[in-house]
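None of these values were measured; they are calculated from a predicted model. Numbered from 1 within each chain, the chains take letters A, B, ... in sequence-line order.
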2 protein chains.
Amino acid sequence: MSHPEKPVQSGYAYQKIAEEIEAQILRGDLKPGDLLPGETEMGSLFGVTRSTVREGLRQLETDGLIHRPSPRRMEVTVPPVDLLTTRATRAMALMKVTFRELVEVAMVMEPLAARTAAERATPEEIEDLQQLHAALVASEGQLEETIELDEKFHSRVTEIGHNRVLGPAREPVGLLLFRGFEHIAPVATNFYKRQIEAHSNILAAIRDRDVERASKWARMHIEDFWRGVQLAGLDDANPVLPRPVSHTEGVT
Amino acid sequence: MSHPEKPVQSGYAYQKIAEEIEAQILRGDLKPGDLLPGETEMGSLFGVTRSTVREGLRQLETDGLIHRPSPRRMEVTVPPVDLLTTRATRAMALMKVTFRELVEVAMVMEPLAARTAAERATPEEIEDLQQLHAALVASEGQLEETIELDEKFHSRVTEIGHNRVLGPAREPVGLLLFRGFEHIAPVATNFYKRQIEAHSNILAAIRDRDVERASKWARMHIEDFWRGVQLAGLDDANPVLPRPVSHTEGVT
DNA sequence: ACCCCTCCCAGTGTCGGACACTAACCAATG
DNA sequence: CATTGGTTAGTGTCCGACACTGGGAGGGGT
């Protein structure tokens, strides 16, 4: 605790390599966009074999610190958000969090998302959101589609808030939470209508730049969801993973 | 979008392996605690070389889905939380989030943490928190210690809330945020005293199980922090990484 | 001079085999 | 029955090799 700098290099060579490169990235010696030397070259550079270098690189790649835009280039990156959310979502599912826990957090995240969106959305973003909402309305009655559009709507609202901290924090919660509809829809009355009403109110508030109203409706939306959860007896049930998570990077 | 099941196996063998094992874990075929076959065996199992298997394993290990409790065992795990927060923290630092963004989120997270803590803390946990607070009081005037104890206090409060979703969501924010004290302390008047006052009020509220008061004080604490940020002119500044993040797993 | 096609090379993904080192198992010993 | 010592399977690292391919070099057409 006395030394702020602790050279915690674990004994394994491949880890040392990963740590070294990671340090260079964090220190700024390597900036996003820079491309790395070939594996063979790094090998001789670090005094290890290519196989060893490879394991180190795989570690960094999994962390999202480097990636391969083309099979020929290996360059430094800022970890893509979806990678973060993917991992967090998976982890939460595995640690068997309950709907209660998810709702508790969603109860403050969603209002914040809505509030920031109302504050900062550009006209184009609002337009985009409106289309998403239209799609939701159109898919009334179709469970799977509704769930997906619902999640997408909330996700988009968050994006519109232009807060890069909120995104990764909220997404996993939404991803796990809204899957609950699957079990709620059958037991809740007027499920689709209430869903649509809430969203259209949030949307309207964002359009009117009414921060408070946006926030309030978002909260009510989650409260309503929570009632649904209770009705379905899911309070302490574990949500399931949306769908097989892939390691492949989406090109955005 | 029609097929719910998409066999998105990227061409690379090592990824296929990682994905296959990951799928088995998520599907529940492999449960935390189970231990994996040897690398050579998996090699012949999947029809690839050990080197290839190794790269796949490295990926899973980085994800925290498997780990090596002893150099001889390779077993399935639930990704440890600190691994999640570590990655998220690093990513946020790299994407150069601003203090403004962090505060915005902290403004809802910390009150929630305090509120849940007030609701559910056990006497022992409260005792523990009290000691932490005492340490903070004792370290008045010492910047580095104060920062660390501050972060630890908030972290502990969150833990006490017993919400496994809030933890991973809040931690990265706190980690990045409270480093700001480094620049705030010199320009803020009565910095240490205000810090201590806020914490002791939060603590008292938790002890009294006064949910609303706990929440309110937590909020004020962040608001005060935000004023400090503005005073120091850090609004749109980027926080820095707490300290070199290591890949080595902490044995808790 | 500029564009297009073709060829070549470096670099990657994968393979197979090899070796030192050590944790864990086993058996013999006290 | 506990201890001790040897055996062994499994890991971390190394070496060398090969097929495949993206991207650049160079040549030919307009």
Original post:
Of A:Thr49 and B:Gly38, whose nearest nucleotide on DNA chain D comes first from the 5' end?
Top reply: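 The residue closer to the strand's 5' end, by nearest nucleotide, is B:Gly38.
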
Looking at [N], does its base get a donor-acceptor pair with the side chain of [X] below 3.5 Å?
X: A:Arg73; N: C:dG11; result: no
X: A:Arg72; N: D:dT21; result: yes
X: B:Arg50; N: D:dG12; result: yes

Just the rounded figure in Å: distance from [atom2] of [N] to [atom1] of [X].
X: B:Leu45; N: D:dG10; atom1: CG; atom2: P; value: 14 Å
X: A:Arg54; N: C:dT14; atom1: CZ; atom2: P; value: 7 Å
X: A:Leu57; N: C:dG13; atom1: CG; atom2: C1'; value: 13 Å
X: B:Tyr14; N: C:dC15; atom1: OH; atom2: P; value: 13 Å
X: A:Glu41; N: C:dC9; atom1: CD; atom2: C1'; value: 16 Å
X: A:Leu35; N: C:dG11; atom1: CG; atom2: P; value: 11 Å
X: A:Arg58; N: D:dG12; atom1: CZ; atom2: C1'; value: 17 Å
X: A:Met74; N: D:dG22; atom1: CE; atom2: P; value: 16 Å

Subject >> Closest nucleotide among D:dT13, C:dG13, D:dG22 to the A:Pro71 side chain >> reply: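 Nearest to the side-chain atoms of A:Pro71, counting from C-beta on, is D:dG22.
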
Original post:
Between C:dT14, C:dT12, D:dT13, which one does the side chain of A:Glu39 approach most closely?
Top reply: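 Nearest to the side chain of A:Glu39 among the choices is C:dT12.
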
Original post:
So, B:Arg72 and B:Glu39, do they make that salt bridge, N to O below 4.0 Å?
Top reply: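 Answer for the salt bridge query: no.
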
**OP:** Give, for atom CG of B:Leu129 and atom CD1 of B:Ile160, the distance between the pair rounded to the nearest 0.5 Å.
**Re:**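 B:Leu129 CG to B:Ile160 CD1: 4.5 Å, rounded to 0.5 Å.
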
Subject >> Spacing of CG belonging to A:Leu149 relative to CZ belonging to A:Arg156, to within rounding of 0.5 Å >> reply: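 Those atoms lie 13.5 Å apart.
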
**OP:** Describe the nucleic acid contact of A:Ser51 in one word from base, sugar-phosphate, nothing, applying a heavy-atom distance below 4.0 Å.
**Re:**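 The residue A:Ser51 makes base contact.
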
Original post:
Looking for any heavy atom pair under 4.0 Å, which part of the strands does A:Gly43 touch: base, sugar-phosphate only, or nothing?
Top reply: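 The answer is nothing, as A:Gly43 stays clear of every strand by at least 4.0 Å.
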
Original post:
If you take all heavy atoms of A:Ile206 and A:Ile126, which pair is closest and at what distance?
Top reply: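 It is O-CD1, 4.1 Å.
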
Original post:
Which heavy atom of A:Phe225 sits nearest a heavy atom of A:Leu177, and at what distance?
Top reply: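 Between these two residues, the closest heavy atoms are CZ-O, 3.3 Å.
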
Subject >> Pairwise 5' ranking along DNA chain C for A:Leu36 and B:Ser70, keeping only the more 5' one >> reply: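 Upstream on the strand: A:Leu36.
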
Original post:
Within the pair B:Thr52 and C:dG13, is there a side-chain N or O less than 4.0 Å away from OP1 or OP2?
Top reply: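 No.
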
